[in-house]
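Structure, as structure tokens:
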Amino acid sequence: MDPVTENPNLQEPRLIVALDFASGDEALAFARGLDPHQCALKVGFELFVVAGPDLVDRLHALGFRVFLDLKFHDIPNTVAAACRAAARMDVWLVNLHASGGLAMMRAARDAVREVNEQTVLLAVTVLTSSDRATLEETGVQDTPDGQVMRLGRLAVEQAGLDGLVCSAREAAMLRRELGAAPRLVTPGIRLETAGGDDQKRVMTPERALEAGASAIVVGRPITRAQDPAAAMRTIAGRMQGVSPTQ
Ligand code: C5P
């Protein structure tokens with residue numbers, strides 16, 4: 001294991017590269033240029049819709065751990081079935097929306113545990129694209145931070161999920177309230193915090209880890225870099241020296 005990007009306590013990768021490509025071939029070609037000892041890979045909606053479980057199998061065959069980022073939200077039985085199927089594919093991380101409620105999360109947790117002790121089940125609390133107005137539209141009167149904490153507690157303390165996907169800006173608050181155990185996986189990472197892309201509330205890799213992230217998700221700063229391997233090295237270097245939270 002590479003001490004730079006691995007969490008020595010959990011032996012889990014601290015860097016997850018978001019494979020946001022429009023085809024399985026592009027994603028595979030890109031993955032072949034990466035080192036599975038330095039990062040895990042995230043497969044999201046678009047890629048999974050076009051390339052499916054076959055792509056996940058191929059990424060596993062290359063030696064990568066996979067985060068299946070499909071953010072399930074449906075009735076408990078349906079979400080449990082989807083999570084069971086993901087756990088059978090041996091994915092490392094899979095996620096759902098905590099706003100689906102306690103029964104849904106508990107059903108999903110039990111389904112994952114039945115088939116695979118290694119698969120980590122995470123909850124999304126409030127999407128970083130949502131603000132107070134978005135919450136109000138849907139009948140939620142609380143602030144985004146208040147709703148993040150409510151759903152974070154529900155997912156981790158009551159449903160027994162393994163952790164949360166959250167903004168790095170929420171990580172310190174969640175660590176303080178939920179302790180060291182839950183995984184906190186944070187997207188919205190940029191090498192510099194000024195400008196660029198459509199991510200508005202961003203943080204650097206080292207600041208995200210210092211704030212309590214267990215692992216960071218990085219997409220375009222690596223996938224769109226002129227030299228992705230060099231971008232990986234820069235990020236790994238900047239993560240070095242930040243000791244793991246758990
Ligand atoms: O390219 P970039 O680094 O912005 O990619 C971030 C990845 O993390 C994308 O795959 C995006 O879907 C995902 N994500 C996010 N913000 C969230 C949850 C997931 O950017 N709140």
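Sequence positions, counted from 1, serve as the residue numbers for this chain. Counting convention: from 1, in listed order, for ligands and their atoms alike.
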Just to check, does Leu127 reach to within less than 4.0 Å of ligand 1 when the distance is taken from its heavy atoms? no
Ligand 1 atoms in contact with [X] (distance to a heavy atom under 4.0 Å):
X      : answer
Arg190 : 1 (O), 2 (P), 3 (O), 4 (O)
Arg220 : 1 (O), 2 (P), 3 (O), 4 (O)
Pro221 : 3 (O)
Ala18  : 7 (C), 10 (O)
Gly219 : 1 (O), 2 (P), 3 (O), 5 (O)

Could an N or O of ligand 1 be found under 3.5 Å from any N or O of Pro187, whether backbone or side chain? no
Which atom of Met239 lies closest to which atom of Pro205, heavy atoms considered: CG-CB, 4.0 Å
Taking all atoms of both residues into account, what is the closest heavy-atom pair of Arg238 and Leu191, and its distance? NH2-O, 2.9 Å
Mode of Thr128 contact toward ligand 1 - side chain, backbone, both, neither (heavy atoms, under 4.0 Å):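 Looking at Thr128 and ligand 1, atoms from backbone and side chain both fall under 4.0 Å.
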With heavy atoms only and a cut-off of under 4.0 Å, state how Ser167 meets ligand 1: side chain, backbone, both or neither.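 No part of Ser167 comes within reach of ligand 1.
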Once rounded to the nearest 0.5 Å, what's the spacing between atom CE of Met104 and atom OG of Ser99?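 Output value for this atom pair is 7.0 Å.
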Chi angles and distances behind the side-chain contact (heavy atoms from CB on, under 4.5 Å) call for Val120, Arg183: CA-CA 9 Å; Val120 170; Arg183 269 77 153 192; 3.7 Å; yes
When Leu127, Asn95, Thr128 are each screened for side-chain contact (heavy atoms from CB on, under 4.5 Å) with Val165, the one that passes is Asn95
Any salt bridge between Asp145 and Arg169, counting N to O under 4.0 Å?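 No, Asp145 and Arg169 are not salt-bridged.
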Are the side chain of Glu170 and the backbone of Ser167 linked by a donor-acceptor contact shorter than 3.5 Å? yes
